[in-house]
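Positions are given from 1 along the sequence. Counting starts at 1 for both ligands and their atoms, in listed order.
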Amino acid sequence: MSSTSSVSETPTLSQSHSGIPSRLLHKAQTAKALIQELRTEPGSTDHPQLPIIPQGISRSHFHSAISELSTQLGQDNVSVIDKPPKDDGWYMEHATTHDMMSVVPKHEFMASAIVYPASTAEVQTIVVWANNHSIPIFPISMGRNLGYGGAAPRVRGSVVIDLGRRMNKILDIDSEDYTCLLEPGVSFYALYEEVQRRGYKHMWIDTPDLGGGSVVGNTLDRGVGYTPYGDHWAAHSGLEVVLPTGEVIRTGMGALPGSNTWQTFPYGFGPYSDGLFSQSNFGIVTKMGMTLMPAPPDHESFMYTFEREDDLAQIIEIIRPLRIGNILENVAQLRSAVQTLAVSGRPKSDFYKGSGRIPKAVVEAECANLPIGKCEWIYYGMSYGPKHIRQYKLDIIDAEFKKVSGARRIDPATIPKDNYFWSRDKIAAGEPDLEELLWCNWVPNGSHIAFSPVSPIRGKDATALLDITNKHQDCQGVEIFPAFVVGLREMHLIVECVFDKHSPSACEAALASMRGMVDDAAKLGYGEYRTHLALMDQVAGTYNWNDNALIKFHERLKDALDPKGILAPGKSGVWPSRYRGRGWEMGDGKETTEGEGVANGVLGGKL
Ligand code: EUG
């Protein structure tokens, strides 16, 4: 074990909106020390002239536009990126100038400047400014969209709007309606701590694997958590949005002045517009309502292990009716043994000195020494309610899982307190933790990018997707951790691809394997629920039914709502007219982010 004494202290929530709760400071220090221990120096990197100026505007015009904005927002709230970023940082102290886990050279997804608005009115000011100067802007909440691009903009040289730093208020927690109203800078950590501070023992939040992300940002990206409320988008109610031309709207009941129903009824009247602002570039969300869960009287985690990789189809077939029937009550995970080995935080080289993929026999032998024992798959779940209700469900689950030969239930009483099982236990009860990314340490300078297809909860779908995953792992020699995250009627397969970001060949292999998986999945009718900036054009291109009817619809909306094409161009593969047909798309052998200029003209905006 490494010593944590040489490691500088991680900011806590009392010091920064994006800090760690003090209860988790020791975990942060340990995680940070491990990362530092495994870090090697990057090779020489060529830096382009900084700041990176977005296409369509001259360097001098950019600088005069920036000084105009500084006058409006204050010098301290506009920061030009004119020096190469010192460091990528790590999860808790991440870079917001670029993708800290980039598979392409850092400068490809790099901002020109970061601005820090303090209010919705200041966001409007920025949007109007961007329209006047035809400068692309890219909003982030916390900037922890790791595995999907982090804080980085799709178009290099965009001005990143860091909404989180100064707009981080919990505007309301209603302990009778079980709702809250949040600004973008509220993390899952911060929301959890505030619910505790107010003594609301009867309320739970729903948290992803790590708690540092923005509740608003994660929900807009349609992220998941692990209580019965796992689908964050489904649990939200009401948005405040700054449109790309600067107007502000409130959706749902928020459009009715004086309504007290904004956070309790999500739809309001007429067309339901919220969907347009999720994974989109049609507006900047400055407030969001969210429902909270009543704490059940009691809860208990359980874990099953399965012996063979080939058991997968049978396990998934067992899960489907239990999950849809709510016997399995939470968004649970079926994880591979190798990921459990890796979440110890130890590098692969501790277990295996050879090159290439760690042999199955080594994984098995190592797992035999862990509480999980020798196995291929591990199911982590939780049962909620009083003892007799839980027992009813747990007996059914036990009988069903034991139909898989060799399935074992691991008695939690036998699992040491520092085991990852207890991290999942907290998360499934809405308490945000900090363990998940320890598996990045599997390789030096470990970074990750995710392949995230969705499918029905069927054995044949699980097998088909796992075959694709294994095929690309074998061809590319990259490290891959698959985990099935089971929603209510579908499952998200999250394939985390871990690579050494300082190795250009590893980065290339990681990106190539992602591209291969997306293509192969699409051929079989599978699509991703979310993706990295570098893959957005490719993934959007797979949703092409009826001669690309959906993307054309998105483009019409984009041009109507954002005629100058300033807001997050290219996000989710939606390009405004000024960029369209000019080679801005990535993929098909083109792994640079820029196209051949931008148009002026009717929809192009003045320069
Ligand atoms: C996970 C990770 C994701 C995601 C959903 C779940 C869980 C990892 C990186 O993206 O979209 C263990």
*Asks:* Could I get the full list of ring-ring contact (aromatic ring centres under 6.0 Å, His included) partners for F277, not counting sequence neighbours?
*Replies:* none
*Asks:* Is any side-chain heavy atom of I20 closer than 4.5 Å to one of L13?
*Replies:* no
*Asks:* List below, pair by pair, the N or O atoms of ligand 1 and of the protein that are less than 3.5 Å apart, including the distance to 0.1 Å; reply 'none' if no pair qualifies.
*Replies:*
unit_1   : atom_1 : unit_2 : atom_2 : d
ligand 1 : 10 (O) : Y148   : OH     : 3.0
ligand 1 : 11 (O) : Y148   : OH     : 2.6
ligand 1 : 11 (O) : Y529   : OH     : 2.3

*Asks:* Cationic tip of R408 within the cone over Y304's six-membered ring, i.e. under 6.0 Å and within 45° of the normal?
*Replies:*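 Cation-pi check for R408 and Y304: fails.
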*Asks:* Can you run down the ring-ring contact (aromatic ring centres under 6.0 Å, His included) pairs that involve residues 492-522, sequence neighbours left out, and say none if there aren't any?
*Replies:* H492-Y529
*Asks:* Rounded to the nearest 0.5 Å, what separates atom CD1 in I427 from atom CG in D209?
*Replies:*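 Nearest 0.5 Å value for the CD1-CG distance: 5.0 Å.
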*Asks:* With sequence neighbours left out, write down each residue that passes side chain to side chain contact (heavy atoms under 4.5 Å, CB included) with S158, or none if nothing qualifies.
*Replies:* P136, F138, P153, V155
